[in-house]
Amino acid sequence: MAAASLIKAPIGQNPRLACQAPGRSRGSVRCSLSSVVGGRSEWLSSCAVLSSKVAALGPHSVNGHASPAPAPSPAPAPEGTVLDLIPVSSLTGGAKKNLPVPLRIADLSPAPMHGSELRVAYQGVPGAYSEKAAGKAYPACDAIPCDQFEVAFQAVELWIADRAVLPVENSLGGSIHRNYDLLLRHRLHIVGEVQLPVHHCLLALPGVRKESITRVISHPQALAQCEHTITRMGLNVVREAFDDTAGAAEYIATNGLRDTAAIASSRAAELYGMEVLADGIQDDSGNVTRFVMLAREPIVPRTDRPFKTSIVFAHDKEGTSVLFKVLSAFAFRDISLTKIESRPHRHRPIRLVDDANRGTAKHFEYMFYIDFQASLAEPRAQNALAEVQEFTSFLRVLGSYPMDMTPMTAGSSSTVASSDS
Ligand SMILES: O=C(O)C(=O)C[C@]1(C(=O)O)C=C[C@@H](O)C=C1
């Protein structure tokens with residue numbers, strides 16, 4: 001992929017949740033990104049800050065999506081007024097409206113809302129693959145577009161959304177590292193996974209011919225997934241990264257760009273009045289992206305269907321030798337791993353070896369992410385984790401959730417791999 005420059009996504013027809021600089025909020029959620037970085041106590045206090053910001057927004061909807069957290073509070077009655085003396089049951093009509101509504105069991109339950117009421121945050125604008133993944137994970141949900149992955153996490157934390165559906169890996173482009181980092185920085189739980197066949201199209205404004213295109217814009221993952229096909233098509237183009245695939249199509253349409261094409265879905269073509277110049281341009285017809293479903297509460301792990309468990313761990317002294325020990329804890333119990341990923345440890349970026357090691361070499365410390373095929377309800381998984389805990393200085397279970405068992409044929413999109421909806 002050619003070096004990519006990031007185009008600032010325009011604020012187009014699609015309202016979406018956005019992170020904005022303080023003081024620039026226009027009906028969207030403002031959030032302090034730096035405040036959510038750090039340890040647990042920092043995280044908790046930052047939640048309080050973010051929650052109070054949402055409360056300060058009042059009972060209005062956010063980009064058209066009602067937020068239940070800051071419910072309209074009744075005007076407080078002055079102490080010792082007549083309201084204190086009248087039994088509630090004897091009040092009718094308007095007077096009753098001013099009294100607090102009793103909490104119901106449903107208000108206390110962390111269980112998700114059902115059916116069309118479930119609000120699901122995704123990154124991108126309508127027509128993005130993430131929107132389709134949200135619909136596959138939670139049919140008939142109210143899908144909430146967010147301009148960044150971080151915003152989707154915060155939308156769930158702040159009760160603006162009930163779930164987030166975010167991509168973590170693709171069969172051609174590999175891992176979406178940003179979401180691995182965010183999983184660690186936030187306290188959401190993985191409650192399901194969904195695999196989506198991704199079928200890319202080359203879109204341009206109506207009447208534009210391939211020969212007049214000098215630039216192709218899209219999400220970096222989509223550019224990577226179509227890299228060879230675009231080259232093979234003989235297009236003499238620069239490739240530039242954009243926030244999301246559908247956003248790239250929208251940008252071309254909004255600005256009337258006749259020298260630029262977007263890699264996006266056929267649904268994005270319909271939504272933004274674009275023409276499909278080429279269909280199925282992903283380098284492999286079996287191109288699949290795996291998304292995870294995130295919630296504020298974990299689901300109860302079960303053993304009556306195939307489950308997957310995702311963990312992240314680190315060790316502050318032994319470095320990568322701990323990896324060998326951890327892998328053996330799973331191997332001895334016949335537990336298969338489906339994914340292993342490493343990310344640099346933020347707070348220990350580079351360590352110079354000391355004199356005793358007589359070297360000048362530098363190395364990084366890593367956080368390791370592992371997905372294994374077992375439910376946390378299984379004793380073998382519990383025993384493996386108990387052993388892993390002995391070897392590691394940090395261990396967190398990101399979630400134990402039903403596996404998406406959809407057969408991976410291009411175009412298939414039937415299974416919902418979640419037991420929480
Ligand atoms: O840009 C989009 O349409 C997205 O939903 C994002 C995304 C990704 O992040 O990988 C999702 C699926 C495809 O792999 C390409 C892009």
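Counting starts at 1 for both ligands and their atoms, in listed order. Residue numbers count from 1 along this sequence.
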Requested in this report: For atom 3 (O) of ligand 1, grab the closest protein heavy atom and report residue, atom and distance to one decimal in Å.
Outcome: T245 OG1, 2.4 Å

**Report entry** Top protein contact for atom 11 (C) of ligand 1, by heavy-atom distance
**Finding:** F291 CZ, 3.9 Å

Query raised in the report: So which bit of P167 gets within less than 4.0 Å of ligand 1, heavy atoms only: side chain, backbone, both or neither?
Result: side chain

Query - Centroid-centroid under 6.0 Å between Y251 and F242 rings - result: yes

Query raised in the report: If you count the atoms of ligand 1 from 1 in the order shown, which ones are under 4.0 Å from a heavy atom of T289?
Result: 12 (C), 13 (C), 14 (O)

Query - Side-chain donor-acceptor pair present, Y129, H219, cut-off under 3.5 Å - result: no

Query raised in the report: Can you list the atoms of ligand 1 that are under 4.0 Å from a heavy atom of I176?
Result: 10 (O)

Requested in this report: Identify whether the distance between the nearest side-chain nitrogen and carboxylate oxygen of K325 and E387 falls below 4.0 Å.
Outcome: no

Requested in this report: Distance to 0.1 Å, residue and atom name: give those for the protein heavy atom nearest to atom 8 (C) of ligand 1.
Outcome: H219 CE1, 3.6 Å

Requested in this report: Would you check, one step at a time, whether the test side chain to side chain contact (heavy atoms under 4.5 Å, CB included) holds for E341 with H177?
Outcome: CA-CA 9 Å; E341 181 67 50; H177 293 131; 3.2 Å; yes

Query raised in the report: Do Q225 and N287 have side-chain atoms, one donor and one acceptor, less than 3.5 Å apart?
Result: yes

Requested in this report: Report the part of Q225 in contact with ligand 1, treating N, CA, C, O as backbone and CB onward as side chain, heavy atoms under 4.0 Å; options are side chain, backbone, both, neither.
Outcome: side chain

